[in-house]
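To start, the structure itself, in structure tokens.
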Amino acid sequence: MGRWYDSVDNKSSNIVYSRIRLARNWDEYTFPSRMTREQCGEMLERMKDGLKDLGSLDGKEYRYGQLDEMQDLEKLALRERRILNLSAVNKKEPAGLFLSEDEGSSLVLGGDDHIRMQFLASGLKLDELWHQADVMDDYVNERFSYAFDEKYGYLTSFPTNVGTGMKASVIVHLPTLSISKKFQDLLGDMGRFGAAVRGVYGRPGENPGDLYEVTNQKTLGLSEKEILELVENVAVQLTDQENQVRKLSLEKHRLMREDEAYKSYGVLRYARRMAEKDGLTFLSHLMAGMADGIVRMKEPCSVYGLMLEIRNANLQKNSSRPLDKEELEVARAAYIRSHLPQIEV
């Protein structure tokens, strides 16, 4: 079975993928940061045993890994693929990960919270993912009673997650809008609506790949439905504005846009060395060119999937030996050449 990001299409909506994350804690234990190593190990074994038939819920194949026993490189690669956060990567006490074969569903046990569930899918799928999360949430709660307060909702290790404990996110591709002088003002407007917009690979203006994450700032005082509507509305508004600006750019500077897309494809297709930042930048240009119909591939190609696979840890993980900086750049260029289809001419 392929991973969920292998099917990410490059459509004109510019919405790359959606994510739902739930933070939950078992009421029999204190938060992970207050637990002893022995308590972490005990809780983890109980939870691992209680969730051993997890696959029967959704028909997916899940594998289990002990994070504190996993190699650092493997954890860093999982972080690059947005399965783990930095806290889980650096966790020294017993912690675990249930990960579906397609990597679309995962449960981190004993990280920042006792349980963090995450669900990913290409395109705008917040409602669909929320349904999956709701079903999984009930399944887990039947086995482990949650820490819940009638006034404050689900109790979590970070106050910013108290309430629904839900973070809804949509990743959008904004290569044209993000270079506008009014982009920072636009992000400020989104903040007033209650949404946060941040670069996936850096700050606006220094964000190779031009991918931006739209997520809810508050989890308390809003229902799950309200959070979903807020994030979706902001994501759609941003991509609509991106399409308007890009359409105008195509009308006035089509030759320049065509040149940018084809040059990017040429470098990606034939380069022998590629820095990570350059790879993300050229893939962003190619993604825009494909969405606008400037460049057409002879075979399906998930440009976002390539963005994930050319990150340092994922390249290093697939190598039989440690690679230095120059060798990583050579491996990155080779990986892109082998996975980028021919274009229609």
Side-chain angles (χ1 to χ4, degrees), residues 19-58 60 62-70 78 83-100 105-120 129-169 215-228:
R19 178 177 77 155
I20 294 289
R21 194 197 71 200
L22 299 179
R24 299 289 188 259
N25 286 280
W26 191 0
D27 62 8
E28 292 190 18
Y29 293 89
T30 59
F31 293 139
S33 60
R34 304 284 298 276
M35 294 168 65
T36 66
R37 185 176 183 84
E38 289 70 26
Q39 288 174 323
C40 289
E42 173 196 292
M43 184 192 72
L44 190 62
E45 286 303 313
R46 293 176 66 186
M47 295 179 77
K48 178 183 173 184
D49 183 63
L51 298 171
K52 60 186 177 183
D53 61 344
L54 188 63
S56 65
L57 180 68
D58 54 16
K60 292 185 177 183
Y62 285 84
R63 65 178 188 271
Y64 178 81
Q66 193 91 0
L67 293 180
D68 51 308
E69 298 175 359
M70 199 177 292
L78 287 169
I83 303 301
L84 300 178
N85 62 13
L86 186 58
S87 177
V89 169
N90 295 329
K91 187 81 174 181
K92 301 303 180 186
E93 292 76 21
L97 170 68
F98 279 102
L99 181 63
S100 65
S105 304
S106 61
L107 285 82
V108 175
L109 309 179
D112 292 320
D113 292 283
H114 298 151
I115 305 166
R116 283 204 173 185
M117 301 172 234
Q118 178 173 270
F119 304 86
L120 300 160
L129 292 179
W130 165 237
H131 174 71
Q132 294 178 33
D134 194 28
V135 172
M136 181 74 79
D137 195 30
D138 289 342
Y139 172 89
V140 176
N141 196 23
E142 288 173 2
R143 290 154 178 78
F144 309 102
S145 178
Y146 291 150
F148 184 85
D149 181 87
E150 289 297 330
K151 180 178 180 181
Y152 295 108
Y154 295 102
L155 303 181
T156 58
S157 58
F158 292 102
T160 51
N161 290 329
V162 169
T164 61
M166 183 174 84
K167 286 288 187 180
S169 304
T215 190
N216 54 300
Q217 293 181 327
K218 294 170 56 180
T219 57
L220 181 63
L222 294 174
S223 68
E224 289 87 353
K225 182 179 179 181
E226 289 171 330
I227 291 173
L228 296 176

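The residues of the chain are indexed from 1 along the displayed sequence.
Nearest heavy atoms, G163 versus L220: CA-CD1, 3.9 Å. The minimum heavy-atom distance between G221 and E226, with the atom names listed, is O-OE1, 4.3 Å. The minimum heavy-atom distance linking P32 with C40 is given by the pair O-SG, 4.5 Å.
Rounded to the nearest 0.5 angstrom, E42 CD and T36 OG1 are separated by 8.5 Å. Atom CD1 of I83 is separated from atom OG of S100 by 7.5 Å, given to the nearest 0.5 angstrom. In this structure, CG in L99 is found 9.0 Å from OG in S105, a value given to the nearest 0.5 Å. The line from CG of N141 to CZ of F148 is 10.0 Å long, rounded to the nearest 0.5 Å. The distance from atom NZ of K167 to atom OG1 of T160, rounded to the nearest 0.5 Å, is 5.5 Å. Note: K91 NZ to L109 CG = 11.0 Å, rounded to the nearest 0.5 Å.
For Y62, there are no ring-ring contact (aromatic ring centres under 6.0 Å, His included) partners, not counting sequence neighbours. In this structure, the ring-ring contact (aromatic ring centres under 6.0 Å, His included) partners of Y64, at least two apart in sequence or on a different chain, are F98. Under the salt bridge (Lys or Arg N to Asp or Glu O under 4.0 Å) criterion, K48 pairs with no residue at all, not counting sequence neighbours. In terms of the ring-ring contact (aromatic ring centres under 6.0 Å, His included) criterion, W130 has no residue partners (sequence neighbours excluded). In this structure, the salt bridge (Lys or Arg N to Asp or Glu O under 4.0 Å) partners of D49, at least two apart in sequence or on a different chain, are K52. Y139 pairs by the ring-ring contact (aromatic ring centres under 6.0 Å, His included) definition with nothing, not counting sequence neighbours.
Judged by distance alone, the side chains of N161 and T219 never bring a donor and an acceptor atom under 3.5 Å apart. Counted by atom type alone, D27 and S145 present one or more donor-acceptor pairs between their side chains at under 3.5 Å.
Checking each of I115, L22, L57 against V140 for a side chain to side chain contact (heavy atoms under 4.5 Å, CB included) leaves exactly one that passes, namely I115.
The shortest side-chain heavy-atom distance between L107 and L54 falls under the 4.5 Å cut-off. Contact annotation: the side chain of V108 approaches that of L84 to within less than 4.5 Å [non-hydrogen atoms, C-beta and beyond]. Using a 4.5 Å cut-off on side-chain heavy atoms (C-beta onward), L228 and K225 make no contact. Side chains of E224 and D134 form no contact here, defined as non-hydrogen atoms less than 4.5 Å apart. Between M43 and M35, some side-chain heavy-atom pair lies under the 4.5 Å cut-off. At a threshold of 4.5 Å between non-hydrogen side-chain atoms, the residues D58 and V135 do not count as touching. Looking at M136 and F119, their side chains come closer than 4.5 Å, going by heavy atoms from C-beta outward.
Remark: side-chain polar atoms of D53 are not paired, donor with acceptor, to backbone N or O of S56 under 3.5 angstrom. Looking only at distances, a side-chain donor or acceptor of S157 sits under 3.5 Å from a matching main-chain atom of D112. A side-chain donor-acceptor contact under 3.5 Å links N216 to the backbone of M166. For the pair D68 (side chain) and K92 (backbone), a donor-acceptor distance under 3.5 Å is absent. Judged purely by atom type and a 3.5 angstrom limit, N25 has no side-chain atom pairing as donor or acceptor with the backbone of D113.
For R63, the CZ atom sits in a packed shell: over 12 heavy atoms of surrounding residues, nucleotides or ligands are nearer than 6.0 Å.
By the 30° and 60° cut-offs, the orientation of the rings of F31 relative to H114 is tilted.
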